[in-house]
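In what follows, a structure is listed as structure tokens, so that the remarks can point back to it.
The chains referred to below are lettered A, B, ... by the order of the sequence lines, with proteins before strands, and numbering in each begins at 1. The structure presented is a predicted model; accordingly, all values stated were derived computationally and were not measured.
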Number of protein chains: 2
Amino acid sequence: MMLPDAEIQHLDNIVNRGKPMDKGDMLFSAGQSMISIFAIRTGCIKTYTVSPEGDEQITGFHLPGEIVGLDAINSERHPSFAKAMTTSMICEIPYQKLDDLTAVMPGLRRQMVKIMSQEIMEEQKLLLLLNRKNANERLAAFLLNLSARYGKQGFSSSRFNLVMTRNEIGNYLGLALETVSRLMSRFHEDGLIRVQNREIDILDFDALYELAGIPCHKD
Amino acid sequence: MMLPDAEIQHLDNIVNRGKPMDKGDMLFSAGQSMISIFAIRTGCIKTYTVSPEGDEQITGFHLPGEIVGLDAINSERHPSFAKAMTTSMICEIPYQKLDDLTAVMPGLRRQMVKIMSQEIMEEQKLLLLLNRKNANERLAAFLLNLSARYGKQGFSSSRFNLVMTRNEIGNYLGLALETVSRLMSRFHEDGLIRVQNREIDILDFDALYELAGIPCHKD
DNA sequence: CGTCTGATTGACAAATTTCAAATGTAGTGG
DNA sequence: CCACTACATTTGAAATTTGTCAATCAGACG
């Protein structure tokens with residue numbers, strides 16, 4: 001979820017800025033009562049739920065500018081976990097204060113609702129991806145999604161480092177880690193990407209878009 | 001998304017109540033600008049997206065008390081379609097008026113945010129279901145979910161009619177319609193349910209819960 | 001009565017997972 | 001700096017699940 005700079009300004013008064021987190025630190029855990037939501041400044045946060053049997057399901061990899069914890073507003077308890085995947089800087093936004101602010105700032109209120117609406121929309125797109133696409137298409141879409149998000153932040157969209165393991169990618173995409181590894185190798189062989197461990201170069205955007213089922217020109 | 005009766009009262013002043021819809025009627029289509037969101041009084045509404053290639057992906061079957069159209073707030077355009085699966089009564093809630101109301105009614109504002117938060121949470125649960133569960137578990141969870149929602153409305157939770165086809169169930173759960181059909185037959189043979197066409201009797205809740213991966217007593 | 005759509009069932013094919021083993025990488029402490 | 005350990009990745013082969021294709025059946029409705 002992106003928060004425009006203008007709105008971030010307004011929030012600056014209430015947020016606890018500059019909360020540094022080390023790799024592996026938890027922002028929150030499922031079951032905890034929800035005090036704050038969190039905006040990511042730098043780094044990467046993964047959110048995940050755990051099923052009754054104990055399976056972990058990653059629900060998102062969150063990059064700077066995005067908000068986590070919105071799923072907790074309903075029950076006032078976090079239904080999910082959030083863990084830093086790398087050293088990260090986090091803004092903590094006390095929810096009570098935010099709610100108070102929205103009463104007097106219509107722009108902030110609308111922005112808040114928009115951010116949540118966008119999250120619903122994003123999850124619907126993920127649903128489509130997982131339900132209607134095969135392994136190739138999922139991984140292609142995943143790489144392009146990461147690429148676009150890095151690009152939006154001013155980083156290179158064609159060359160970046162994966163902060164997550166193959167296992168985590170597979171978990172997120174509903175694939176076995178071996179399948180992810182195989183497809184990475186396959187994409188590499190086919191000249192779509194260059195991959196060495198966590199380092200990714202995207203060589204052929206068009207082909208990847210094609211694969212992901214997002215035709216550019218003519219389908 | 002459930003809206004408590006108390007809040008529905010507050011809304012009564014602005015909603016256009018009693019919009020009747022026939023089976024097959026559209027509430028809205030993707031691309032339309034979003035004027036209103038909709039609360040379902042009676043009947044059943046399906047929402048779905050369509051991928052660039054034209055595949056349809058059902059994102060939800062919505063029963064009375066639930067709200068549809070929340071995914072449109074962000075872009076002010078509907079990203080999805082909503083179609084009546086049966087004759088239905090719908091409340092149309094003009095979004096502009098609702099937004100104005102939230103400024104002066106803190107309770108309504110919080111409720112609105114909660115409903116959206118809950119929708120995010122529900123979609124995360126669906127994600128878990130689709131990503132980590134096999135066909136058996138998905139169908140079991142689907143039937144139990146329907147059962148619980150019917151029960152919440154005062155209908156029988158052990159006997160109900162499916163409003164959707166096998167094809168639609170499969171689409172929603174990411175399964176081929178033949179797989180759904182086979183599993184229905186299997187569940188029937190195994191004494192978990194009695195099924196004849198669209199009519200379902202749930203005979204063994206415990207076993208279904210077990211299958212769905214929601215242990216009741218001891219796992 | 002015939003037609004249409006939805007449902008069922010079987011046989012086969014394809015995609016993906018699982019199991020297994022080998023290899024690579026990074027971090028730790030001597 | 002090296003050896004050691006733990007963890008991540010790659011790759012192959014076999015097994016399994018689910019999808020696809022095809023035929024048939026059942027009920028609804030004009």
Side-chain angles (χ1 to χ4, degrees), chain A residues 22-24 46 53 55-58 61 83 85-87 129-143 161-190 193-200 211 213, chain B residues 22-24 44 46 53 55-58 61 83 85-87 129-143 161-190 193-201 211 213:
Chain A
D22 289 332
K23 177 174 175 173
K46 80 167 170 179
E53 301 100 314
D55 316 329
E56 184 174 313
Q57 170 62 49
I58 296 174
F61 301 109
K83 183 190 278 190
M85 304 186 72
T86 66
T87 304
L129 182 72
L130 297 174
N131 244 356
R132 305 250 77 78
K133 308 287 189 181
N134 66 21
N136 276 309
E137 298 169 320
R138 290 185 210 181
L139 187 61
F142 175 76
L143 292 173
N161 270 75
L162 297 173
V163 291
M164 63 292 282
T165 66
R166 303 285 188 268
N167 197 359
E168 288 172 321
I169 296 173
N171 180 298
Y172 179 66
L173 294 178
L175 301 171
L177 72 97
E178 293 93 331
T179 305
V180 175
S181 181
R182 271 183 254 272
L183 290 178
M184 288 281 199
S185 304
R186 188 107 188 283
F187 286 1
H188 185 113
E189 283 169 32
D190 295 353
I193 62 177
R194 203 187 60 76
V195 52
Q196 176 159 24
N197 265 323
R198 306 288 184 89
E199 195 178 311
I200 301 280
L211 242 186
Chain B
D22 289 332
K23 179 174 174 172
C44 183
K46 79 167 172 181
E53 300 99 316
D55 315 329
E56 183 173 313
Q57 169 62 49
I58 296 174
F61 301 109
K83 183 190 279 190
M85 304 186 72
T86 67
T87 304
L129 182 72
L130 296 175
N131 244 356
R132 305 251 76 78
K133 308 288 188 179
N134 65 22
N136 276 307
E137 298 169 321
R138 289 185 211 181
L139 187 61
F142 176 75
L143 292 173
N161 270 75
L162 297 173
V163 292
M164 63 292 282
T165 66
R166 303 285 187 267
N167 197 359
E168 289 172 320
I169 296 173
N171 180 297
Y172 179 66
L173 294 177
L175 301 171
L177 72 97
E178 293 93 333
T179 304
V180 174
S181 182
R182 272 184 253 272
L183 289 178
M184 289 281 198
S185 304
R186 188 107 188 282
F187 286 1
H188 185 111
E189 283 169 33
D190 295 352
I193 62 178
R194 203 187 60 76
V195 53
Q196 176 159 25
N197 266 320
R198 306 285 186 91
E199 194 178 311
I200 301 280
D201 275 89
L211 242 186

Would you say Gln57(A) and Lys133(B) make side-chain contact, with heavy atoms under 4.5 Å?
no
Any non-hydrogen side-chain atom of Glu56(B) less than 4.5 Å from a side-chain atom of Arg132(A)?
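Result no, sub-4.5 Å side-chain heavy-atom pair not found.
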Which residues, if any, of residues 166-179 of chain B bring a heavy atom under 4.0 Å of DNA chain D?
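Heavy-atom contacts with DNA chain D come from Gly174(B), Leu175(B), Ala176(B), Glu178(B), Thr179(B).
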In residues 181-190 of chain A, what residues come within less than 4.0 Å of DNA chain D, judged by heavy atoms?
Ser181(A), Arg182(A), Ser185(A)
Is [X] reaching over with its side chain to a backbone N or O of [Y], donor-acceptor style, under 3.5 angstrom?
X: Arg138(A); Y: Leu173(A); result: yes
X: Asn131(A); Y: Leu130(B); result: no
X: Asp22(B); Y: Thr86(B); result: no

Whole-Å distance between [N] [atom2] and [X] [atom1]?
X: Glu199(A); N: dG24(C); atom1: CD; atom2: P; result: 18 Å
X: Lys133(B); N: dT16(D); atom1: NZ; atom2: P; result: 21 Å
X: Asn136(A); N: dT16(C); atom1: CG; atom2: P; result: 7 Å
X: Arg132(A); N: dT18(D); atom1: CZ; atom2: P; result: 15 Å
X: Asn131(A); N: dT16(C); atom1: CG; atom2: P; result: 14 Å

Quick one, Phe142(B) with Leu129(B), criterion side-chain contact (heavy atoms from CB on, under 4.5 Å). Give me CA distance, side-chain angles, the key distance, then yes/no.
CA-CA 9 Å; Phe142(B) 176 75; Leu129(B) 182 72; 5.7 Å; no
Arg166(A): which of Arg182(A), Met184(A), Glu178(A) passes side chain to side chain contact (heavy atoms under 4.5 Å, CB included)
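Only one of Arg182(A), Met184(A), Glu178(A) forms a side chain to side chain contact (heavy atoms under 4.5 Å, CB included) with Arg166(A), namely Met184(A).
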Ion pair present between Glu199(B) and Arg194(B), side-chain N to carboxylate O less than 4.0 angstrom?
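Answer for the salt bridge query: yes.
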In B/S/- notation (B base, S sugar-phosphate only, - none; protein heavy atoms under 4.0 Å), nucleotides 23-30 of chain D written 5' to 3' is ----S---
Base, sugar-phosphate, or nothing for Arg198(B), non-hydrogen atoms under 4.0 angstrom?
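Counting heavy atoms under 4.0 Å across all strands, the contact made by Arg198(B) is with sugar-phosphate only.
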Roughly how far, to the nearest 0.5 Å, is [atom2] of [Y] from [atom1] of [X]?
X: Ile169(B); Y: Leu183(B); atom1: CD1; atom2: CG; value: 10.5 Å
X: Met164(A); Y: Phe61(A); atom1: CE; atom2: CZ; value: 4.5 Å
X: Asn136(A); Y: Asn134(A); atom1: CG; atom2: CG; value: 5.0 Å

